[in-house]
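Being a predicted model, the structure only gives us computed values, none of them experimental. A, B, ... follow the sequence lines: proteins, then strands. Residue 1 opens every chain.
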Amino acid sequence: MTAELPKRYDPAELEQALYNAWEEQGYFAADPESDRPAYTIVLPPPNVTGSLHVGHALTAAVQDTLIRFKRMTGHEALWLPGTDHAGIATQMVVERDLARRGEPGREELGRDAFLEKVWEWKATNGSRIQEQHRVLGASLDWSRERFTLDEGFSTAVTEAFVRLYEEGLMYRAERLINWSPGLKTSLSDLEVDHRDSPGHLWHIAYPVSGSDERLVVATTRPETMLGDTAVAVHPDDPRYAHLVGKTVELPLTDRQIPIVGDGILVDLEFGTGAVKVTPAHDFNDFETGKRHDLPIINILDEGAHISLAGPYFGLPVAEARKRVVADLEAQGLVVKIEEHAHSVGHCQRSGAVVEPRLSLQWFVSTKPLAERAMQATRSGETQIVPKRFESTWYHWMENIQDWCVSRQLWWGHRIPAWHAGGQVFVARSLEVAQAQAQAAGVDPSELVQDEDVLDTWFSSGLWPMGTLGWPEETPSLKKFYPTQVLETGHDILFFWVARMMMMGIHFTDKAPFHTIFLHGMVRDELGQKMSKTKENVIDPVDITNEYGADALRLGLLLMAAPGRDLKMSVKRIEGYRNFLTKVWNATRFAQTYLGDCQESDWDAPAGATEQWIRSRLADTQHKVKEAFDAYRLDEAGHAIYHFIWHELCDWYIELSKRPLRDGSADESAAARAALADALSGALRLLHPFCPFVTDALWPALPAFMRESDSLCLAQLTFDAQRNLDSEAQIALAIEAVGLLRGLRGQMGINPREPLSVRLQVSDPERLGQLDSAARLLVDLASAADVVTELNTAEQPRGWAIATGEGLTLLANLAGKVDIAAETDRLTGEIAKNDKELNKCGGKLGNAKFVERAPEAVVAEERRRLAEFERRRDELRAALDRLAELEL
RNA sequence: UGGCGCGUAGCUCAGUGGUAGAGCACUACGUUGACAUCGUAGGGGUCGGCGGUUCGAAACCGCCCGCGCCAACCA
């Protein structure tokens, strides 16, 4: 027993110190030599530039709760932390930082000096989010913390690249890719956000060569006409059949371009049925160009300015568009301008409009990888929770395109390819590349390493295996891979989860996790996405300062149904802080009695209430176990919340007060033992959700009940049995208390005023169960004396009546009854009862119901009917007596 | 355009075939023994609409309405 708890629950007071102690004691270090089954989760590595937002907080809360639960149930639990170098994001942050401080920019510094700046930036700013995870109580094994650019992990990245290359799954090709003119780098399809935006459909007349005819094309991007190399019409279109094979004069240029028939590109219904073809600046046109062997004319530079010599040279796209349209109008070639909403790709990071651009990039052949990822989910090697995400999973995997992995950035894993003499040498090191060059007859001294770096998601795709030691067959990799659960927001299912699945299976022949567990997006109180510009960002750090990390965790966990978005409610967090105050105070109450607690107390015979609270705990434990197995942490948390507040605090603690204070030696001993058991069970169950407050309260339990110094390492078990007899008995007692309290409330009788009570049941077998009820009525509802009897007894006059399930309660209100008010009350009760009775009678009056419904359902309905009839009769009789009283 | 999700008390949401629930908010009452960050009691719902399946539907099916998300190559 430690010192008395402070009167007030103050999370700030205890959280920081507890975390430091946990970390110092090494509670969270996972041992690869352990005999216990492994349970591994890798924390989705936050960006090194990141600071904790409420989405991270949810991620951390969910994963920590899973990990702590497993740690307490006999597993070697490993939760592995780390950070992601986040190529584009970090490079942007550092560039902005340099600009703000007036230092030389990236270009001026050059590659090596700039990278040095980034590393410096990381050294000073890169550990904030780790500290914030500590604040949340995350039981991460910090001794294993990794960074995607650290040496070991980089080895894994290189290894993966080289192997893919050797297997023919990594190749270099000139293709049309998504290009961010803002960042001047390629992007993967996923990094492009398509936004619907209002635009126009310009109808432009192209004069047919050697004729007066004009072919009108419709386009949303008139400026790209400068790069047109054909006009396509549908081969079956009678309007244009005679034109196929002819040419048009491309306005504003001196070029003539062919009219081709193309049934794939052209939709007869849309626009004019004639499409200008710009292979260099549109994915569909590019494919069309290949089909018809059209030249490709690139009209844009890497910053999306017109690169074509002539009057438009150097203009940004938007400006060029205006000028081109104006010039076409001047020539009378603009036939029509329609409003037209369409979807425009934007760079996820810079916001710039993405331009398709022809360039030489590295690609991963994803189809074979995706095939195996799908096999894993089909076979059940990996399950997706919630299941409904499977359909989007398969849809995406089935339609996957090759993945452009090279980026024209500096911060990242440089591509392990060296160029010389027009040849490429892909190798694990420069030395090996030199040897390859030598063998190929190329002078090794001329080798120049590829300038590009890899997509950040390429490296994070290796995260579970790479952090555990791959490609080395380390003890950790053997013990902790594959991992059990990959938990993250559903927004990065494809960015990250899909890539880990593809790479993990490809390189290890094992799916990297057994369960993909997806949570939703955290929104603001109005359900809007949080964003800095909207100024609706709720900072989890503010919330932990105000209410404590435990309340934040509990709130997030209970608000989050799997896969569903959740609205952040500070009000609810406050409610959970209040709950934790309740837990705190309940423990303070217990502490005053548990000081005298001894192991021999467990020898005292337990009464019905003691058996009841243990049974309710057992039931709660089973519910929690079941909910965890189904990844319903919200349900598990609600069950615990309900048990602690509405069973332990509302009832058992109230019930235990008399025996604890005034009971016989046996009674008080039994009450202490049950209180200790209930509290111990409650704290253990709650610990995965709220580790701080529970561990702070842990010492309030008798030392012999604590198998470890900290709850972090304590055991959670689920083998306790329920005791249904005691549950039935106490349920009856609770109902009786409710009836008496209800009577007092409805009749305006002071809760403390002693009343004589008669408690009646219709079933003789239940008469024996009324002892607890009698005691509870005295202890909790100020009954002066209680008579228990069968309700066949003559009913006294001047007593108020209340009916419950198989139960009738009479309270002596002689002289205190307002007859008119009581008449109203009884009439109301009768009406309410009649409503149910009629519903019930209606069902039983339906021959088909009696005939076809399961026997048990019919029997239950019959029992209810009898019960409602009994109540009706008793209430009516009471009303009659009242009328007599009035006379 | 397609796919998915949602629509249940004033608010936020649980509830997958058998008596409509929780938290918050609201109303009334209650502070000398764990707790006012509290307690006791209470009011409040044609479960979006229509149709179907069923003895029985908030739940299952179909259609419709409204909202949201994701994927999209109609220039």
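Listed pair A/His395 / B/rG2 fails the phosphate criterion, with no side-chain N or O lying under 4.0 Å from OP1 or OP2. When the side-chain nitrogen and oxygen atoms of A/Arg564 are compared with OP1 and OP2 of B/rA14, one or more of them lie within a distance under 4.0 Å. Applying the 4.0 Å criterion to OP1 and OP2 of B/rC4, one finds that A/Trp396 has every side-chain N and O outside that range. OP1 and OP2 of B/rA72 both lie 4.0 Å or more from every side-chain N or O belonging to A/Arg195. Under 4.0 angstrom from either OP1 or OP2 of B/rG33 there lies no side-chain N or O belonging to A/Lys657. OP1 or OP2 of B/rC38 lies within a sub-4.0 Å distance of a side-chain N or O belonging to A/Asn578. The phosphate of B/rA20 has OP1 or OP2 within less than 4.0 Å of a side-chain N or O from A/Lys839. Distances shown here put a side-chain N or O of A/Lys582 below 4.0 Å from the OP1 or OP2 atom of B/rG39. A close approach under 4.0 Å does occur between a side-chain nitrogen or oxygen of A/His340 and OP1 or OP2 of B/rA75.
For A/Ser391, counting side-chain heavy atoms from C-beta on, the closest listed nucleotide (B/rA75, B/rC4, B/rA14) is B/rC4. When the nucleotides B/rA75, B/rU12, B/rC55 are ranked by their closest atom to the side chain of A/Ala853, B/rC55 comes out on top. Between B/rA75, B/rA14, B/rA34, one nucleotide has an atom nearer to the side chain of A/Asp267 than all others, and that is B/rA75. Of all nucleotides listed (B/rG15, B/rA75, B/rU40), B/rA75 comes nearest to the side chain of A/Phe270. The side chain of A/Arg864 has B/rU19 as its nearest neighbour among B/rU19, B/rU54, B/rG43. Considering only the side chain of A/His646, B/rG23 comes nearest among B/rA72, B/rG23, B/rC4. Here the side chain of A/Arg572 is nearest to one of B/rC4, B/rC55, B/rU12, namely B/rU12. Listed candidates were B/rU40, B/rA34, B/rG43. Nearest to the side chain of A/Arg661 is B/rA34.
Taking the P atom of each, B/rA9 and B/rA14 are spaced 12 Å apart, rounded to whole Å. Rounded to whole Å, the separation between the C1' atoms of B/rG3 and B/rG42 comes to 47 Å. Taking atom P on both nucleotides, B/rC70 is separated from B/rC47 by 32 Å, rounded to a whole Å. A gap of 23 Å separates the P atoms of B/rG52 and B/rU46, to the nearest Å.
Pair check for B/rC63 finds B/rG49; Watson-Crick or G-U wobble, both atom distances under 3.5 Å.
A/Glu338 and A/His203 share a donor-acceptor pair across their side chains, judged by distance under 3.5 Å alone.
Exactly one of A/Arg870, A/Arg863, A/Arg864 qualifies for a salt bridge (charged side-chain N to carboxylate O under 4.0 Å, His left out) with A/Glu805. That residue is A/Arg863.
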Begin with the C-alpha distance, continue with both residues' side-chain angles, and end with the deciding distance and a verdict on side chain to side chain contact (heavy atoms under 4.5 Å, CB included) for A/Glu223 and A/Val317.
CA-CA 7 Å; A/Glu223 73 283 3; A/Val317 165; 3.3 Å; yes

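If you find the closest nucleotide of RNA chain B to A/Thr587 and to A/His490, the one lying nearer the 5' end belongs to A/Thr587. If A/Arg863 and A/Ser569 are placed on RNA chain B by their nearest nucleotide, the residue sitting closer to the 5' end is A/Ser569.
With respect to the salt-bridge test (charged N to carboxylate O, under 4.0 angstrom), the residues A/Lys623 and A/Glu626 do not qualify.
Interface remark: the A/Lys571 side chain does not form any donor-acceptor pair with the B/rC24 base, using a distance-only criterion of under 3.5 Å. Counting atom types as modelled, A/Arg741 pairs no side-chain N or O with a base atom of B/rU40 as donor and acceptor under 3.5 Å. Between the side chain of A/Gln746 and the base of B/rA28, no donor-acceptor pair under 3.5 Å is found.
Side-chain contact between A/Tyr641 and A/Tyr576: present, with at least one pair of heavy atoms (C-beta onward) separated by less than 4.5 Å.
Within a 6.0 Å sphere centred on CD of A/Glu269, other residues, nucleotides and ligands contribute 12 heavy atoms or fewer.
The CG atom of A/Asp634 sits 13.5 Å away from the NE2 atom of A/His519 when rounded to the nearest 0.5 Å.
Looking at heavy-atom distances under 4.0 Å, A/Ile653 makes contact with a base.
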